[in-house]
Amino acid sequence: MSFSRPLFILVSSCLIASLANAQNVSEPGNQHAPSLAIKPITCVVKSLGEACQMKANVTWQSPVPQSVCLFQDKQQLKCWAKQNQASEMFDVTLDKTMVFSLRDKKQNTLVEQTIKVHALSSRKYRRKLKSDWSLF
């Protein structure tokens with residue numbers, strides 16, 4: 001099969017243009033997806049089971065204004081009406097690793113972030129300081 005040079009250039013130009021256009025088009029589901037950033041992402045306690053209290057800086061952004069609420073697991077912390085960004089400090093109490101999520105009016109989770117609780121000493125692997133029996 002033989003192609004003439006102008007036809008080959010035209011076809012290859014169209015293919016290159018369509019590939020470039022396909023790379024620039026974003027997925028339909030991600031056009032309105034907000035981003036969520038919570039800092040710090042870890043909380044340290046002396047031993048597991050203790051409550052961890054910290055101040056968390058919560059920042060979120062959205063390409064378009066939306067009405068959203070911030071949740072700590074199932075507890076609602078704050079809502080914003082028709083905004084495309086916000087940044088606030090929250091006093092947070094954690095007793096275990098928890099998920100923070102940004103949800104819309106219909107309670108659909110738009111984005112979430114996990115805050116982990118770490119212990120300095122683990123009860124599970126703590127070494128015994130003295131034996132169970134003694135001569136004295």
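Residues take their numbers from the sequence shown, with the count starting at 1. Below, each value reflects all heavy atoms present in this structure, side chains not excepted, and no hydrogens, waters or symmetry copies.
With hydrogens and angles left out, the side-chain atoms of E112 and T109 include no donor and acceptor closer than 3.5 Å.
Within the model, atoms CZ of F100 and CG of L70 stand 7.0 Å from one another, a figure rounded to the nearest 0.5 Å. Taking NZ of K55 as the start and CE of M89 as the end, the distance is 6.0 Å to the nearest 0.5 Å. Summarising the geometry, atom OG belonging to S67 is positioned 16.0 Å from atom CZ belonging to R103; distances are rounded to the nearest 0.5 Å. In this structure, I41 CD1 and I115 CD1 are separated by 7.0 Å, a value rounded to the nearest 0.5 Å. Taken from CG in L94 to NZ in K116, the straight-line distance is 13.5 Å, to the nearest 0.5 Å. Going from atom OG1 of T93 over to atom CD of Q72 covers 7.5 Å, rounded to the nearest 0.5 Å.
In the hydrophobic clustering of ILVMFWY residues, with side-chain heavy atoms under 4.5 Å counting as a link, F71 and V117 come out apart. No continuous path of hydrophobic side-chain contacts links L102 to V99 [ILVMFWY only; heavy atoms under 4.5 Å].
Put simply, the side chain of K78 does not reach to within 4.5 Å of the side chain of C69, judged on heavy atoms. Q83 places none of its side-chain heavy atoms less than 4.5 Å from the side chain of P65.
Here the side chain of N57 pairs no donor or acceptor atom with the backbone of K39 at under 3.5 angstrom. Without hydrogens or angle criteria, Q113 side chain to I38 main chain gives a donor-acceptor distance under 3.5 Å.
Residue W80 comes nearest to E88 through the heavy atom pair NE1-OE2, 3.4 Å, listed as atom of the first residue, atom of the second, then distance. Between P34 and S62 the shortest heavy-atom distance is CB-CB, 3.9 Å.
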| message | Between L120 and V44, is the side-chain contact (heavy atoms from CB on, under 4.5 Å) condition met? List the steps. | response | CA-CA 7 Å; L120 292 175; V44 179; 3.7 Å; yes
